[in-house]
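Take a look at the structure set out below.
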Amino acid sequence: GVTSIEDYAFADCKQLDNITIPEGVKSIGEYAFYGCGALKNVILPQTLETIGSRAFSGCSSLSEVAVPDSVTSIDRYAFSNCVNLKKITLGDYITSISSSVFQGCTALEYIEIPNSVKSIDDRAFYGCSALEEMEIPSNVESIGDYVFSECTSLSAVNVDYGNMSYSSQDGVLFDKNKTELIYYPLGRKGGYSIPYGVSVIADYAFYYSAVTDILIPNTVTNIGEWAFGYCLNLMNIDIPNSVENIGYASFSNCINLKSIELHEGLLSIDSWAFQYCTSLEKISIPDSVISMDWPTFSYCESLSEVILGTGITEIGARTFEYCSSLQNVEMRGNITNIGDSAFDSCTQLKTFEIPQGVTEIASSTFRRCSSLTDIKINENITRIEGSAFYDCDMLEQILIPSSVTYIGSGAFDSCDGLRSIDVDSGNGNYCSQNGILFDKDITTLIKCPGGKAGEITLPASVTNINDII
């Protein structure tokens, strides 16, 4: 008799609506019933042992499945995108819930995980938006990444008290000792106080949650990657002085977050930490912070005031890119580097003084700073890279100190209000006459300011005019 259903055996049989798999069949292969959109009923035999990857994926009419006790393995994506699957019963000998096995089962309301299960793998229930509650049995030893991501109705994850790896409190998932907060259910409403004793807020712990305010105890030392990413209802947060690190994109896209209080004790802020916090108005970085990876505050379009503590020595590339309300940047430390596009499109920035420790104005640093009227270039600057001041329409004059040895292509392009580029007479590489930039020997016209009006007479020594002047 038949002992297996081979890979792709019934894949994309669009009219198949019922099937009874006979006793004796031990395995269902990969993609066996993939895309059978009309399939409503499946009866699995008591002899079945394995269900292959994507075996029933995309069976969009399937509403209920009973997996017999004989089954020991259900491979990844086996029932993914079965969008009408409301209930599935698993046998008592399943040892793992495989990766993405129920991903996209948007109608799944309930599933009982048997005690035999030891692992729930990555994305197992990703996007199960109707799932309201989850019970984790005592034998589960590992829960993968993104297991409950986009489970928007999930209000509680409850762990059996006898579980030796995990615990829960008020429906929130922790490690056994409650030192790490692992997952905050997306269906919970209102505010939340993290229990005292928690030291780590895990990666993605509150990702896309509806939490409105959060109280972090002074036992927390680390906030993980994307921990509060896309918390659209979060408006204010006070990060205690116990926190040493704010992880990658921790608060990214918290579009209603207006204020963040940071305290001494914080050591590092990772990349993208506050990107797209479009309501954030002010930020003060404590003196204790010695590392702020780029681009920390890009696209914070309401951010008007920034204070950088004494520990900050570098403003990384794109750090304040598209902070279109930024007007004041107070730098209390010895800044030695400002990266590419650091202030690109800061359209309200009017004045800026390059710190004495900086020796280079990087590419596109002030590009599209359309309100910039005053820029002070220190006498230690040796290079002005390409597009550094591109499209700074309000800038009327710029002074090039004697230390500058290189000016990149397009450094002052599209500066329509720029009337004069003046070079210090002691500069050994460049000079200016009547506000026009030349090489030192006045043989090459490098840049005629965009706002220069009237008739221009070139010196007789000029033999070359740059392609774009």
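Numbering of residues begins at 1 and proceeds along the displayed sequence. Values in this document were obtained by computation on a predicted structure and should not be read as measured data.
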Tyr192 and Phe206 aromatic ring geometry - parallel, tilted or perpendicular at 30°/60° bounds: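 Plane angle between 30° and 60°, so tilted.
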
For [X] and [Y], work out which heavy atoms get closest and say how close.
| X | Y | value |
| --- | --- | --- |
| Ile421 | Lys447 | CD1-CG, 3.8 Å |
| Asp213 | Val211 | O-CG2, 3.4 Å |
| Pro401 | Asn378 | CG-O, 3.4 Å |

Criterion side chain to side chain donor-acceptor pair (under 3.5 Å) on Glu135 and Asn158, from CA distance to verdict: CA-CA 5 Å; Glu135 304 290 330; Asn158 300 313; 3.2 Å; yes

Residues which pass side-chain contact (heavy atoms from CB on, under 4.5 Å) with Thr179, listed by chain and number, not counting sequence neighbours: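 Partners of Thr179 under the side-chain contact (heavy atoms from CB on, under 4.5 Å) test: Asp175, Asn177, Ser199.
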
Set of side-chain contact (heavy atoms from CB on, under 4.5 Å) partners for Asp75, sequence neighbours left out: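 If we apply the side-chain contact (heavy atoms from CB on, under 4.5 Å) test to Asp75, skipping adjacent residues, the hits are Ser53.
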
Considering only heavy atoms from C-beta outward, does the side chain of [X] approach that of [Y] to under 4.5 Å?
| X | Y | result |
| --- | --- | --- |
| Ile94 | Thr72 | no |
| Met292 | Phe297 | yes |
| Trp294 | Ile315 | no |
| Val117 | Ile97 | yes |

With sequence neighbours excluded, tell me which residues meet ring-ring contact (aromatic ring centres under 6.0 Å, His included) with [X].
| X | value |
| --- | --- |
| Tyr31 | Tyr8, Tyr34 |
| Tyr77 | none |
| Phe251 | Phe228, Phe274 |
| Phe352 | Phe343, Phe366 |

Salt bridge (Lys or Arg N to Asp or Glu O under 4.0 Å) pairs, two or more places apart, involving [range]:
| range | value |
| --- | --- |
| residues 80-101 | none |
| residues 380-400 | Arg383-Glu385 |
| residues 339-355 | Asp344-Arg367, Asp344-Arg368 |
| residues 294-321 | Arg318-Glu321 |

Polar side chain donor-acceptor pair, Glu225 to Tyr204, under 3.5 angstrom: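 Checked: Glu225/Tyr204 side chains show no N/O donor-acceptor pair below 3.5 Å.
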
Non-neighbouring partners of Arg419 that pass salt bridge (charged side-chain N to carboxylate O under 4.0 Å, His left out), sequence neighbours left out: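 With neighbours one apart ignored, the set is empty.
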
Partners meeting salt bridge (charged side-chain N to carboxylate O under 4.0 Å, His left out) with Glu379 (sequence neighbours left out):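 Once residues adjacent in sequence are excluded, Glu379 has no partner under the salt bridge (charged side-chain N to carboxylate O under 4.0 Å, His left out) criterion.
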
Residues Val289, Leu308; criterion side-chain contact (heavy atoms from CB on, under 4.5 Å); working and verdict: CA-CA 9 Å; Val289 175; Leu308 301 178; over 6 Å; no

